[in-house]
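Single-structure report; data block below.
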Amino acid sequence: MDLVLRDALVVDGTGAPSYRADVTLDGGRIAEIHPEGSSGPRPTATRTLDADGLALSPGFIDMHAHSDLALLRDPDHSAKAAQGVTLEVLGQDGLSYAPADDRTLAEVRRSIAGWNGDGSDIDFDWRTVGGYLDRLDRNFGGQGIAVNAAYLIPQGTVRMYAVGWDDRPATDAELTRMKELVDQGMREGAVGMSSGLTYTPGMYADDAELTELCRMVARHGGYYCPHHRSYGAGALEAYEEMVRLTRNAGCALHLAHATMNFGVNKGRAPDLLALLDGALAGGADISLDTYPYTPGCTTLAAMLPSWASEGGPESTLARLADAESAERIRHHLEVLGSDGCHGVPIEWDTIEISGVGAPHLAEYVGRTVAESAALRGEEPWVTARRLLTGDRLGTTILQHVGHEENVQRIMRHPVHTGGSDGILQGDKPHPRAYGTFPQYLGRYARELGILSLEECVAHLTSRPAARLRLADRGLVREGYRADLVLFDPETVAAGSTFEEPRTLPVGIPHVLIDGRFVIEDGRRTSALAGRAVRGAGAGTGAA
């Protein structure tokens, strides 16, 4: 045997009570579990690690990650590895880098530069989903990537590819092309499809179009993961739309960063949970993910009304440069409530600048738009417009519009899983990128008792593994892959804060992927043990 973890407190991912055991690993798998008090000799191995005082759990699965390019550029990737994350789900919010042709790739790189950087340091040598997954496997000279990764087909990118940036229904030929792209992506290994229905151009799709694409996803055993049309005014109606749409399509539903934000939704988490419970009781297949923080994180350009983004990034910049169009944008933002801001009039004192691409705008980082405007003696829209144009739509923001009571109520639900929604770009990113999983274990399980330790681990391991249909991950069980985390349940905590967001967690000394240490004694090793994890519909290989 390769390794025995001696006297670990096994929190196996099922939610059952924890127990002490020796756990032996061999060939990247869990070979034997020998509970304390069992008959027979204790197992031995080439190496023994004393795990007394440490909890042993399955590796954490980040159901909502934005590491699409970070995994390609950063072999260390401690932002996730140090949290105990052993698998990330990429391709989120309907916007990522495959499938694409040259035009689409250039446009999507511009569109989400605030999430992932502009990609100027990346060799985009793929155009298909299969090509991207293959690239993950052969990255860094064929060694692989820091942690495992699965991929969702981004519906916004698919629409960009087949339709462009027009706000109109797809033609029959365009819909056929989108279905072909989704079918191909699922056959090449995607686990499902995502949407960003407050982001252009994905938001231009109507329910009939989305239903047809979801039927294709369901055909391959995947799931639909929408960032739905509103988290503010009309949030409950937006959730209802997604439940209804996926029931009609016969497709599993996973609600991305499911919460109820803005003042109109304070205390309304029970309304959402009642909706979900009713659908589940009726046979719907639904799960969701959340991050354990109240502020959201996105780009400043995402706040704009959808009509301002029609035609793509250059058209948006042209409208911002035109005084009459810019005034119309301001009116929609500040008075009417734009669809990009979830139908709620924007409150500039809740919009904190977290990152800019243009160095001359660095002074704005860490302040709200309202604070920067006051310092300059100008109206907030003037400041916001300067950022949007000067940074060419690349500015990232924190949006302080969440409610703690909603966060806590939703994370208790039986179909809940954990997702960081972590944007790693910017000078001052959201601390969830570096802290989501220890935040769950430390603050919400140990300190607040919102979840027991065993329940919390189940939310972060076996439940997401079941959604992803992974037959050999998500549990500490003999024969399962040795993707494991050893943490101290008494001290584990997020180190990241809003002031110091890139601080690594404490209390997680060891993380293994495929039986190899990626974190050992609290330090990142050189191991690149991660690989692309392909979905149940995979079968034809990369195109």
Side-chain angles (χ1 to χ4, degrees), residues 89 91-101 104 107-108 127-130 150-230 237-256 279 282-287 306 310 339 467-469 535-540 543:
V89 184
Q92 299 287 346
D93 295 325
L95 291 166
S96 190
Y97 306 96
D101 56 10
T104 306
E107 290 173 348
V108 78
R127 292 297 182 270
T128 64
V129 169
Y151 189 75
L152 294 165
I153 300 167
Q155 171 261 328
T157 302
V158 167
R159 196 173 214 272
M160 197 185 304
Y161 191 157
V163 181
W165 290 84
D166 295 342
D167 182 2
R168 60 170 175 81
T171 66
D172 289 346
E174 289 165 344
L175 180 56
T176 296
R177 180 59 177 141
M178 286 189 280
K179 291 168 66 176
E180 290 171 349
L181 291 168
V182 171
D183 177 61
Q184 179 182 346
M186 294 299 297
R187 287 188 287 106
E188 291 174 354
V191 294
M193 181 180 75
S194 74
S195 282
L197 299 179
T198 65
Y199 299 131
T200 53
M203 70 190 305
Y204 300 145
D206 59 22
D207 284 4
E209 178 180 315
L210 295 172
T211 299
E212 286 299 305
L213 299 182
C214 283
R215 286 185 176 132
M216 187 61 68
V217 171
R219 182 181 301 177
H220 295 283
Y223 67 93
Y224 181 42
C225 179
H227 165 129
H228 51 273
R229 297 191 193 275
S230 176
E237 293 77 11
Y239 282 113
E240 290 173 340
E241 176 193 9
M242 295 298 101
V243 171
R244 182 175 61 253
L245 186 154
T246 49
R247 291 297 296 274
N248 290 339
C251 186
L253 172 64
H254 180 84
L255 295 165
D285 183 358
I286 301 174
S287 56
S306 57
E310 187 176 4
D339 46 7
R467 167 52 72 218
L468 296 168
R469 300 180 65 187
T540 60

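- A pairwise comparison of heavy atoms in L197 and M203 identifies O-CB, 3.3 Å as the closest pair.
- Using the six-membered ring where Trp is involved, Y239 and H228 have ring planes that are tilted, between 30° and 60° apart.
- Side-chain contact, T198 with H227: a donor N or O sits under 3.5 Å from an acceptor N or O.
- Closest of all the heavy-atom pairs between V191 and A150 is CG1-CB, 4.0 Å.
- Across every non-hydrogen atom of T104 and D101, the tightest pair is OG1-OD1, 2.6 Å.
- Rounding to the nearest 0.5 Å gives a distance of 10.0 Å between CG of L152 and CG of D93.
- In D172, the CG atom is not crowded: 12 or fewer heavy atoms of neighbouring residues, nucleotides or ligands sit closer than 6.0 Å.
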Intermediate values then yes/no, salt bridge (Lys or Arg N to Asp or Glu O under 4.0 Å), D183 and R187: CA-CA 6 Å; D183 177 61; R187 287 188 287 106; 3.1 Å; yes

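- Listed by chain and residue number, D207, R229, R244 satisfy the side chain to side chain contact (heavy atoms under 4.5 Å, CB included) test with E241 (two or more places apart in sequence, or in another chain).
- Side chains of L245 and M242 form a contact here, defined as non-hydrogen atoms less than 4.5 Å apart.
- For the residue pair R215 and N248, the shortest heavy atom distance occurs at NH2-O, 3.5 Å.
- How far CD of Q184 is from CG of L181: 6.5 Å, rounded to the nearest 0.5 Å.
- None of R247, R467, R469 except one satisfies the salt bridge (charged side-chain N to carboxylate O under 4.0 Å, His left out) rule with D285; the exception is R467.
- In this structure the side chain of M160 reaches within 4.5 angstrom of the side chain of L95, judged on heavy atoms.
- Remark: Y151 OH to Q92 CD distance equals 10.0 Å, nearest 0.5 Å.
- Among C214, P226, C225, the one residue that satisfies the side chain to side chain contact (heavy atoms under 4.5 Å, CB included) test with M193 is C214.
- For the pair S194 and G94, the tightest heavy-atom approach, listed with the atom from each and the gap, is OG-N, 2.8 Å.
- In plain terms, the two heavy atoms of A162 and M178 that are nearest each other are CB-CG, 3.5 Å.
- Taking the side chain as every heavy atom from C-beta outward, S287 and Y223 never approach each other to under 4.5 Å.
- A donor-acceptor contact closer than 3.5 angstrom is absent between the side chains of Y97 and T157.
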Residues R177, E174; criterion salt bridge (Lys or Arg N to Asp or Glu O under 4.0 Å); working and verdict: CA-CA 5 Å; R177 180 59 177 141; E174 289 165 344; over 6 Å; no

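- Using a 4.5 Å cut-off on side-chain heavy atoms (C-beta onward), T176 and E212 make no contact.
- Side chains of P99 and V158 form a contact here, defined as non-hydrogen atoms less than 4.5 Å apart.
- Residues E310 and T200 form no side-chain contact, since every pair of their non-hydrogen atoms from C-beta on lies 4.5 Å or further apart.
- Sorted by first and then second residue, the ring pair (Phe, Tyr, Trp, His ring centres under 6.0 Å) pairs involving residues 165-197 (not counting sequence neighbours) form an empty list.
- The structure places CG of L255 at 10.0 Å from OH of Y224, a figure rounded to the nearest 0.5 Å.
- Cation-pi geometry between R159 and Y204 is not met: the NZ or CZ atom fails to fall both under 6.0 Å from the ring centre and inside 45° of the normal.
- Proximity of a side-chain donor or acceptor of E188 to a complementary backbone N or O of G130 within less than 3.5 Å is detected.
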